[in-house]
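Here's the structure, in C-alpha cells; my notes come after.
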Amino acid sequence: MVRNITVPTPIQIDFPVSRLDTVSRGWVQERAEQVVRLLRGTPYRHLASSVRACADLTEIVYPLADTEHVKAPAEWLLWVYPLDEYCEKLARSSAEGMRFVEHIFASMTADAPPSEPVGRGMREMWLAARAVMSDAWQQEFLEDLHAYLTTAVRSATELAREPLPSLEEFIAFRRDLSGTKPTVDLVEASAGVRLPDSVRAARSWQTVKACCADVIAWTNCYYSYGREHSEGERHNLVNHFVETAGMDVAAARDEVARMINSRVHEFLDAAAALSADESAAGLSPADRESVSRCVLGLTYWMRGHLDWYLQICPERFSEPERLRADDAFRPEGGRQGHE
C-alpha cells in the first residue's frame, strides 16, 4: 500500500503517489539483479546498491506502466548510474568521453549486442522503446539522450573549472546534465500511449515537460549537494548560488526549494493551459485521455522522486537531514510511505 506522506522538507510536491503492479515490480527487481551480475568484474561493480535503488525508484515514478511498457523506462533507470559513472568519472578527457557517447549510440542500433555491458543495456532499452513508440518520439528521445551524454562529458572535463554561466543559462545546462529530459520522455512510453504530433509540438506540452524536468533536476540538486560538493562537482544549482551570489549553503538550499515550489505551480498552470490549447482542439476522447494520462505520469515522477530521496536513498542526506527524515517516517504506527 502507498500512502501520502508528510516530510520535514521545504519542498512542496503535494501530488498523489502510486506504484507498479506486482508483476511489473517483480520483473524490475529481477532485471536489476541481472544488471548487478553484468557489472561484476567491471569498473561499475561498486554501483550494485545504486542499481537496486533505481529499481525501487522505477516502482514509484513509472507506476502507470504494465509489463509491456515498463521495460524501456526500467532499463533506462537501471543503466543511468553506469552512464553517469563513465561520462563524469571514468572518461579521462573530453575526446575519450565523446568516443563513449558514440559507442552508446552505435550499440543501441547494432544488430548484435556488444560485449561491453553499458552499451548492451542501452541496446535493450532502445529495443523496448522502439517497439512501442512513434518515430517522432524516438527522434526527440535520441536528441535528448545525446544532449545529456555530451553535457555530462563536458561538465566533467572541459567545463569542470570554467566560471559558471548565468542562472538562465545554467538552468538549461542543468536540465541537460541531469538526464531529466530523456527521463521525462519515457513517461509517455510508460503510460502506454502515443501522443498526437499536434500535442507533442504544442508550446504548453513542452512547458509541462520542461517544468517536470526542472523539478526533478533541482530536487536532485537540493539533496545531492553535500555529496557532489565533497566530490568536487560544481554544476549543482545550490552551488551555483553559493559561487555566483555569495550565499551560504543554507540560504542557497532555501532558494532552490523556493524555485522548485514555484516550478511546480508553473507545471500546474501549463497543464491547465494544455487542455485549452489549440493543439487539443479536435482531439478524440482517446487522445485526450492519453494527454491526461501523461500529465498524471509526470506528477507521479515529481512526487515519487522526492519520496525516493527521503525513504529509499538516505545516503544522499547529510547526517542531520537523515535523522530528521528517519524520524518523519517512524510515527507511532511505524514507518509511513511505501509498504
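These values consider heavy atoms only, across backbone and side chains, with no hydrogens, waters or symmetry-generated copies.
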Note to self: Quick one, V215 and H305 - any side-chain contact, counting heavy atoms below 4.5 Å?
What the structure shows: no
Notebook entry, point to check: So do the side chains of V264 and Q12 get within less than 4.5 Å of each other, counting heavy atoms only?
Noted result: no
Notebook entry, point to check: Between Q206 and R203, does any side-chain donor sit less than 3.5 Å from a side-chain acceptor?
Noted result: no
Checklist line | W218 and I171, any side-chain heavy atoms less than 4.5 Å apart | finding: yes
Check: Would you say H229 has more than 12 foreign heavy atoms packed within less than 6.0 Å of its NE2?
Finding: no
Notebook entry, point to check: Are any side-chain N or O atoms of S292 and backbone N or O atoms of R288, one a donor and one an acceptor, separated by less than 3.5 Å?
Noted result: yes
Check: Other than W27, which residues form its hydrophobic cluster under the rule that side-chain heavy atoms must be closer than 4.5 Å?
Finding: L20, V28, V70
Next item on the list: Could you tell me whether the side chains of H69 and S190 share a donor-acceptor contact shorter than 3.5 Å?
Entry: no
Margin query: What I want to find out is whether R303 reaches D307 closely enough, with some N-O distance under 4.0 Å, to be called a salt bridge.
Written below: yes
Check: Under 4.5 Å between any side-chain heavy atoms of K181 and E143, yes or no?
Finding: no
Next item on the list: Is it possible for you to say whether V187 and V80 belong to one hydrophobic cluster, with membership spreading through side-chain heavy-atom contacts below 4.5 Å?
Entry: yes
Next item on the list: Using a strict cut-off of less than 4.0 Å between a Lys/Arg side-chain nitrogen and an Asp/Glu carboxylate oxygen, indicate whether E140 and K209 qualify as a salt bridge.
Entry: yes
Note to self: According to ring pair (Phe, Tyr, Trp, His ring centres under 6.0 Å), who are the partners of H46, at least two apart in sequence or on a separate chain?
What the structure shows: none
Next item on the list: Flag the pair K71 and E124 as a salt bridge only when some basic side-chain nitrogen lies within less than 4.0 angstrom of an acidic carboxylate oxygen.
Entry: no
Notebook entry, point to check: Would you call the rings of F141 and W126 parallel, tilted or perpendicular, where under 30° means parallel and over 60° means perpendicular?
Noted result: parallel
Next item on the list: Evaluate the criterion side-chain contact (heavy atoms from CB on, under 4.5 Å) for residue pair S94 and V153; output intermediate values, then yes/no.
Entry: CA-CA 6 Å; S94 179; V153 169; 4.3 Å; yes
Check: Relative to the ring of Y62, is the ring of W301 parallel (under 30°), tilted (30 to 60°) or perpendicular (over 60°)?
Finding: perpendicular
Item checked: Close side-chain approach of M122 to S107, heavy-atom, < 4.5 Å -> no
Item checked: Which residues share a ring pair (Phe, Tyr, Trp, His ring centres under 6.0 Å) with Y148, sequence neighbours left out -> W76
Notebook entry, point to check: Got a donor-acceptor contact below 3.5 angstrom from the T151 side chain to the L177 backbone?
Noted result: no
Next item on the list: Given side-chain contact (heavy atoms from CB on, under 4.5 Å), test L39 with V36 step by step and report yes or no.
Entry: CA-CA 5 Å; L39 296 182; V36 168; 5.9 Å; no
Checklist line | Validation row: L195, C294 side chains within 4.5 angstrom (heavy atoms) | finding: yes
Next item on the list: Evaluate side-chain contact (heavy atoms from CB on, under 4.5 Å) for F241 paired with V249, printing each intermediate quantity in order.
Entry: CA-CA 8 Å; F241 288 118; V249 173; over 6 Å; no
Item checked: Charged N-O contact under 4.0 Å between R99 and E102 -> no
Note to self: Surrounding CD of E168 (heavy atoms of other residues, nucleotides or ligands, distance under 6.0 Å), is the total greater than 12?
What the structure shows: no
Check: Within a reach of under 6.0 Å around CZ of R130, are more than 12 heavy atoms found that belong to other residues, nucleotides or ligands?
Finding: no
Notebook entry, point to check: Between the side chains of E233 and N239, does any donor sit under 3.5 Å from an acceptor?
Noted result: no
Note to self: With a 4.5 Å cut-off on side-chain heavy atoms, are L283 and E289 touching?
What the structure shows: no
Next item on the list: Under the side-chain contact (heavy atoms from CB on, under 4.5 Å) rule, what do L296 and F15 come out as? Steps first, then yes or no, please.
Entry: CA-CA 9 Å; L296 177 63; F15 295 127; over 6 Å; no
Note to self: Quiz question: by atom type and distance under 3.5 Å, do the side chains of N220 and R174 form a donor-acceptor pair?
What the structure shows: yes
Next item on the list: Decide yes or no for E188 and R200: does some side-chain heavy atom of the first lie under 4.5 Å from some side-chain heavy atom of the second?
Entry: yes
